[in-house]
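The block underneath contains the structure these notes are about, expressed in structure tokens.
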Amino acid sequence: MTTPRLRFAPSPTGYLHLGGARTALFNWLYARRQGGTFILRIEDTDAGRSSDEMVSGILDGLRWLGIDWDEGPEVGGPHAPYFQSQRLDRHRAAARDLVGRGLAYEDEGAIRFRVPAGRTTFVDSVHGPIEFDNEHIESFVILRSDTQPTYHLSVVVDDIDMRVTHVVRGDDHISNTPKQVLLYQALGAAPPAFAHVPLIMGPDKKRLSKRHGATSVMEYEKQGYLPEAMFNFLALLGWGTGSDDEIFTRDELIARFTLLGISGGNAVFNTEKLDWFNHQHLLRLDNDALISRLRGRLAAAGYWRDALDGADRDWFIRVLALLKPRAKTLNAFVEQVSPFFTEPLAYDGGGVKKHLSTAGMQAHVRSLRDAFAALDVWNEATLEQALRALADARGVKAGALIQAARLAATGRMVSPGLFEMLVLLGRDGVLGRLDRMMETVWSAATS
RNA sequence: GCCGGUAUCGUCUAGGGGUCAGGACACGUGGUUCUCAGCCACGGGACCGGGGUUCGAAUCCCCGUACCGGUACCA
């Protein structure tokens, strides 16, 4: 029994899209599960649409997801080259061989495969046995009149050369498969095992395309999704582990993966569920990991300072703890962390109207500021006690003062719990923010 | 048109001749509460249709329908 060899063979269209990513992932999962080899082969025969840039876009996407390859671009391997455009001689030789043996023939300069009568069958790991009547298979071109091989010829030749044992690819290739099986037979090679995985559809059940927004995996990276969350989500889209668990690491997925578990129907890409997966993986990150994932984005926002990794680390971890239940993406963290790094530049208009324009609020806020300033100990309990006592004394609801203070602290109507936040903002930070709000909001009015 | 594939809550799925058809996301209600999120509890929600086979069908078979894919000197 030979060890399985699988390949992912994208044509470089510029980026790795979700469907391709999942196909790659299933191949990788199977190879890793079986202790086999995962090959990456670039099908760049369409020279006009291919470039080095596009190839690296795909490599970046795979690397981001944590999908590594044992043979292929940059790492080489015993069956190099791994670019289809560099294997043209092999394809042409195969075509000549078939013509020589009468299994293909020239037709106006192109070479067509002579499809024999009969039926062609193969067993698909996902769909079971599939049978085609050869009379529905056209005598297809394998070598164009410009001597460029067509897809059918080149995949088969390359897969034979690279000793590929399992072809796991999109459902859209099912009807190509009998042609390729015929080619394997004509070339005297045993066809590999096939597994055709269902396609990923948009919410409208139409094939995923730019119309559906982000379709490049790197676009999700930009939006602050974790690669392990995307990996987990994609793996479970069209594949069931058979258990009720949903959150898995890559290793756990490898341990459970089987081609038989792949479902036959198309799957709709659901962003809400991706968000949930992302949140779950975010919660599982330890502090060091979370901080390092956040670092670049914080720097880009101008919030990063090295002390966050040193003297301020404990403080920062407490800030992150407040945000964890609320932030579903890395970008959401950055967005929500801003009040801890900078004073509000503006106050939510609706919030001002709703919470600050009530009668006497200006005086209440001033008293609150004074009460906070007078505190001996600055912690959650003392802050809350001071605010509630003041609310009682002035005959207002604590909630009203809390909302006002929240606006002062963050400029927003929504935030983590007020008192835990005020503790982390520190006395100076809080008093300054209250002063600033009073100046800004009530400057025009008589003070 | 022809060929092929698929069909379980809105979505991802589990199951598969006898189950209260299970879970997750989303959704609704209540609780916790200073907002939001989270958390907890509860709830609504599905076997595409029609024929068979069978004591019994969502499950097996056939037909239909819908959807997806292919039908290129694209990949």
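Naming convention: chains lettered A, B, ... in sequence-line order (proteins, then strands); numbering from 1 in each chain. Because only heavy atoms are used, hydrogens play no part in the values below, and waters and symmetry mates are left out as well, while side chains stay in.
In this entry B/G4 has B/C68 as its Watson-Crick or G-U wobble partner, both defining distances falling under 3.5 Å. Using Watson-Crick or G-U wobble geometry with both donor-acceptor distances under 3.5 Å, B/G28 finds its partner in B/C42. Checking B/U33 for Watson-Crick or G-U wobble geometry (two distances, each under 3.5 Å) identifies no partner in any strand. In this structure, B/U54 makes no Watson-Crick or G-U wobble pair, since no nucleotide meets both defining distances under 3.5 angstrom. Nucleotide B/G49 forms a Watson-Crick or G-U wobble pair with B/C63, both donor-acceptor distances falling under 3.5 Å.
Taking the six-membered ring wherever Trp is involved, the centroid distance between the rings of A/F248 and A/F277 does not fall below 6.0 Å. Taking the six-membered ring for Trp, A/F257 and A/W28 have ring centres at least 6.0 Å apart.
Note on A/K328 versus A/E335: no salt bridge recorded, every NZ/NE/NH1/NH2 to OD/OE distance being 4.0 Å or above. We find that A/R7 and A/D158 are not joined by a salt bridge, their nearest charged nitrogen and carboxylate oxygen being 4.0 Å or further apart. By the 4.0 Å N-to-carboxylate-O rule, A/R256 lies too far from A/E252 to be salt-bridged with it.
Proximity note for A/H136 (side chain, C-beta onward) versus B/C73, B/C2, B/A75: the nearest is B/C2. Nearest nucleotide to the side chain of A/V141, out of B/G4, B/C73, B/G23: B/C73. Ranking B/A75, B/A26, B/U11 by closeness to the A/N270 side chain, first place goes to B/U11. Closest to the side chain of A/H152, from the set B/A75, B/G4, B/G23, is B/A75.
Residue order along RNA chain B, read from the 5' end via each residue's closest nucleotide, puts A/I130 first among A/D172 and A/I130.
On the P atoms, B/G45 is 11 Å away from B/G10, given to the nearest whole Å. Rounded to whole Å, the P atom of B/A58 lies 11 Å from the corresponding atom of B/G51. Taking atom C1' on both nucleotides, B/U35 is separated from B/A24 by 28 Å, rounded to a whole Å. The P atoms of B/C39 and B/A66 are separated by 43 Å, rounded to the nearest whole Å.
In this pair, A/H196 and A/F194 present their aromatic rings parallel. The plane angle is below 30°, not in the 30 to 60° band. Ring geometry, A/F122 versus A/F132: the interplanar angle falls under 30°, so the pair is classed parallel (tilted spans 30 to 60°).
Under the 4.5 Å side-chain criterion, counting only non-hydrogen atoms from C-beta, A/H166 is in contact with A/Y30.
Between the side chain of A/N176 and the base of B/A75, at least one donor-acceptor pair of N or O atoms lies under 3.5 Å. Below the 3.5 angstrom threshold, one finds a donor paired with an acceptor across the side chain of A/S145 and the base of B/C73.
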Seminar exercise, completed: 5' to 3', nucleotides 29-48 of chain B under a 4.0 Å protein heavy-atom cut-off (B base, S sugar-phosphate only, - none) gives -----BBBBS----------
For this session: Between protein and nucleotides 61-68 of chain B, map the contacts as a letter string: B base, S sugar-phosphate only, - none, heavy atoms under 4.0 Å, written 5' to 3'.
Result: -------S
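Using a 4.0 Å heavy-atom cutoff across all strands shown, A/E108 reaches at least one base atom of the nucleic acid.
Partners of A/R22 under the side chain to side chain donor-acceptor pair (under 3.5 Å) rule, at least two apart in sequence or in another chain, do not exist in this structure.
For the OP1/OP2 pair of B/U13 and a distance below 4.0 Å, the side-chain nitrogens and oxygens of A/S263 include at least one atom meeting the criterion.
Annotation: the span from A/W69 atom CH2 to A/F8 atom CZ amounts to 10.5 Å, rounded to 0.5 Å.
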